[in-house]
2 protein chains.
Amino acid sequence: MGTFAFAEIAQALVEEIQAGKYPPGSSLPSERELSERFRVSPGTVRMALRELVADGTVDGSRGRPKRVVRIPRRQAPFDEFRSFAQWARRQGHEPGGDVVRAEWRIADAQDELMLGVQRGRRVFRVQRVRTLDGEKVMLEHTHYPEWLGEIVETIDDDAPSVTALLADEHNIHFTHAEHAFGAERARAADADLLGITRSSALLVHRRVSRDSTGRALEWSSDRYIAGKIMLSVGNSWHSNPLQWITPEAFGGE
Amino acid sequence: MGTFAFAEIAQALVEEIQAGKYPPGSSLPSERELSERFRVSPGTVRMALRELVADGTVDGSRGRPKRVVRIPRRQAPFDEFRSFAQWARRQGHEPGGDVVRAEWRIADAQDELMLGVQRGRRVFRVQRVRTLDGEKVMLEHTHYPEWLGEIVETIDDDAPSVTALLADEHNIHFTHAEHAFGAERARAADADLLGITRSSALLVHRRVSRDSTGRALEWSSDRYIAGKIMLSVGNSWHSNPLQWITPEAFGGE
DNA sequence: TAGTGGTCTAGACCACTCC
DNA sequence: GAGTGGTCTAGACCACTAA
């Protein structure tokens, strides 16, 4: 694959900002200066700067030098957000968990909305309790369409990463997802599984994952024990991935 | 200001996708074809396509035509997410609310972390109950640094939009924000203010807003009644604004 | 008015996919 | 091997900012 000039320049600038060479509030050198310094054409520098603008590290507008807004944090790769196990390990925690139930069900209205599966067809549902360093953290319900459920069904419950296995052995790649976050009061059954008192607060995370053709691969509803974990997002004038929605608009009940 | 060629092309493609001309799973025409059709150079078409890739409408990788992943939703402007009133009106709801309290406080550790204000200095805090069509929905605590608090203090409680007023009359513009979302159980005082039963679940939204120089303008902690509202986000292999964090990392307690 | 970034052009070469 | 998008070049012009 090899690494590209614009990516190296972006990385170099990020490191210089982190090192304090350009503190928040200060301006970056002009594109001309940077293109001389890195010995590339101005267009290549622009590509690098566009990355910094997109992730909110830097602010740009016409006629004004680019200004540093904040110290850039490391950008997590897509998989690290999608996969609980990968995220946990990267944080230095030991992920674990048990499959509580795995079963075929008849697709209902929610499955139809989230997966685009016809009602009445089969859907494979896996229910897991997830742990972090041995402590219960989250209750996960994942739903697969029939064709994928038949593959998932054959995978060992203890497989380190379902995602990696699907990619390597079946050429199935998760590349896009849509998420909705809310809160709810723990129901009796959930509270028992998580070992918390009833009516505790839970952070709810619903998600549809797709491959690069837009085909829905799974939908999932995860419930985190309140206070263990939060979701972090940035946005800016130039890019705003965030929206408020009503629960009904996203597989609500 | 005028609108630009690449933006018009992006818009035209979005509309064609929405109209079903390129359904999810199908491929877009090649960049060469598009550049002939729109009578612009290939580079301009690329700029348009880059937008669609960035917001997850379309998937691209080397050597393969761009493929439609999903029907693009309208992208909300930054202000619409930051400002409750603007969001509500756009949804066709009538926003309302009362200031419960507005007072000067001594900056504590949380103010220091979120605003970069020295502990012991003054911070202005405004507490509001927000309503949607007359129904209580959210409890909002906003904290301003001293210099900005002195301006906000003079603003009428009933001003339609604090944001707009700060922009127009004081040249203060919100351009960036960082957010964290979690859940918590309603405390007695909050439950009383919102008119819900104690121990109801709340969706917690903490936020730091900045201007284009990276200066923190406010931090806020909002609590939504569970079930009224959810947060929606998209991510993809190419852009992932999402991270899980521990509550301590974002003004936690 | 000088300097900046934003847009746009018209090419080139390369990595990759698919046939 | 033909076709594709991704990267990169070396310019041009314009809108905007700040002095």
Side-chain angles (χ1 to χ4, degrees), chain A residues 1-13 22 25-54 56-69 167 171-173 175 211-213 236-239, chain B residues 1-13 22 25-54 56-69 167 171-173 175 211-213 236-239:
Chain A
M1 153 75 80
T3 164
F4 297 104
F6 83 94
E8 275 172 16
I9 293 168
Q11 183 57 30
L13 291 173
Y22 307 112
S26 69
S27 298
L28 290 183
S30 77
E31 300 186 349
R32 273 101 169 151
E33 277 178 70
L34 290 172
S35 77
E36 283 170 26
R37 187 175 131 203
F38 289 106
R39 311 194 155 280
V40 295
S41 94
T44 306
V45 168
R46 297 196 64 81
M47 290 179 66
L49 292 174
R50 179 158 22 224
E51 294 222 321
L52 302 202
V53 172
T57 299
V58 136
D59 179 87
S61 79
R62 277 206 211 190
R64 205 164 358 92
K66 289 232 182 352
R67 244 184 319 204
V68 178
V69 172
N171 202 31
I172 295 169
H173 301 273
T175 60
D211 66 12
S212 66
T213 71
S236 79
W237 186 263
H238 306 289
S239 96
Chain B
M1 153 76 78
T3 164
F4 297 104
F6 82 94
E8 275 172 17
I9 293 168
Q11 183 57 30
L13 290 173
Y22 308 113
S26 68
S27 297
L28 290 183
S30 78
E31 299 187 349
R32 274 108 172 143
E33 277 178 69
L34 290 172
S35 77
E36 283 170 25
R37 185 174 133 204
F38 290 105
R39 313 194 153 278
V40 295
S41 94
T44 305
V45 168
R46 300 196 62 81
M47 290 180 67
L49 291 174
R50 177 156 26 222
E51 293 220 323
L52 303 202
V53 172
T57 299
V58 137
D59 179 87
S61 79
R62 275 205 213 191
R64 202 158 8 88
K66 290 232 182 348
R67 247 189 312 208
V68 178
V69 172
N171 202 30
I172 294 169
H173 301 272
T175 60
D211 67 10
S212 67
T213 71
S236 78
W237 185 263
H238 306 289
S239 97

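The analysis underlying the following values was restricted to heavy atoms, covering all of them including side chains, and did not include hydrogens, waters or symmetry mates.
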Measure the shortest side-chain to side-chain distance between B/E51 and B/T57 over non-hydrogen atoms and say whether it is less than 4.5 angstrom.
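No, every pair of side-chain atoms sits at 4.5 Å or beyond.
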Test side chain to side chain donor-acceptor pair (under 3.5 Å) applied to B/R32 - qualifying residues, sequence neighbours left out:
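Checked B/R32 against side chain to side chain donor-acceptor pair (under 3.5 Å); zero matches.
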Check the pair B/V40, B/V45 against side-chain contact (heavy atoms from CB on, under 4.5 Å), reporting the backbone distance first and the verdict last.
CA-CA 7 Å; B/V40 295; B/V45 168; 3.8 Å; yes
Could you run through DNA chain D and flag its stems, i.e. three or more consecutive Watson-Crick or G-U pairs with both distances under 3.5 Å?
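Expected stems, ordered by start: C:1-18 with D:1-18.
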Would you sort out whether A/L34 and A/L13 count as a side-chain contact (heavy atoms from CB on, under 4.5 Å), showing the intermediate values?
CA-CA 10 Å; A/L34 290 172; A/L13 291 173; 4.2 Å; yes
Reading nucleotides 4-12 of chain C from the 5' end, what letters show protein touch, with B for base, S for backbone sugar-phosphate only, - for no heavy atom under 4.0 Å?
BBBBSB---
Looking only at non-hydrogen atoms, find the nearest pair between B/G25 and B/R67 and report the distance.
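Minimum heavy-atom separation between B/G25 and B/R67: O-CD, 3.4 Å.
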Please evaluate residues B/I9 and B/M47 with respect to the criterion side-chain contact (heavy atoms from CB on, under 4.5 Å), reporting the C-alpha separation (whole Å), side-chain torsions for both, the decisive distance (0.1 Å), and the verdict.
CA-CA 9 Å; B/I9 293 168; B/M47 290 180 67; over 6 Å; no
A/K66 and A/L52: side-chain contact (heavy atoms from CB on, under 4.5 Å), yes or no, with the steps?
CA-CA 10 Å; A/K66 289 232 182 352; A/L52 302 202; over 6 Å; no
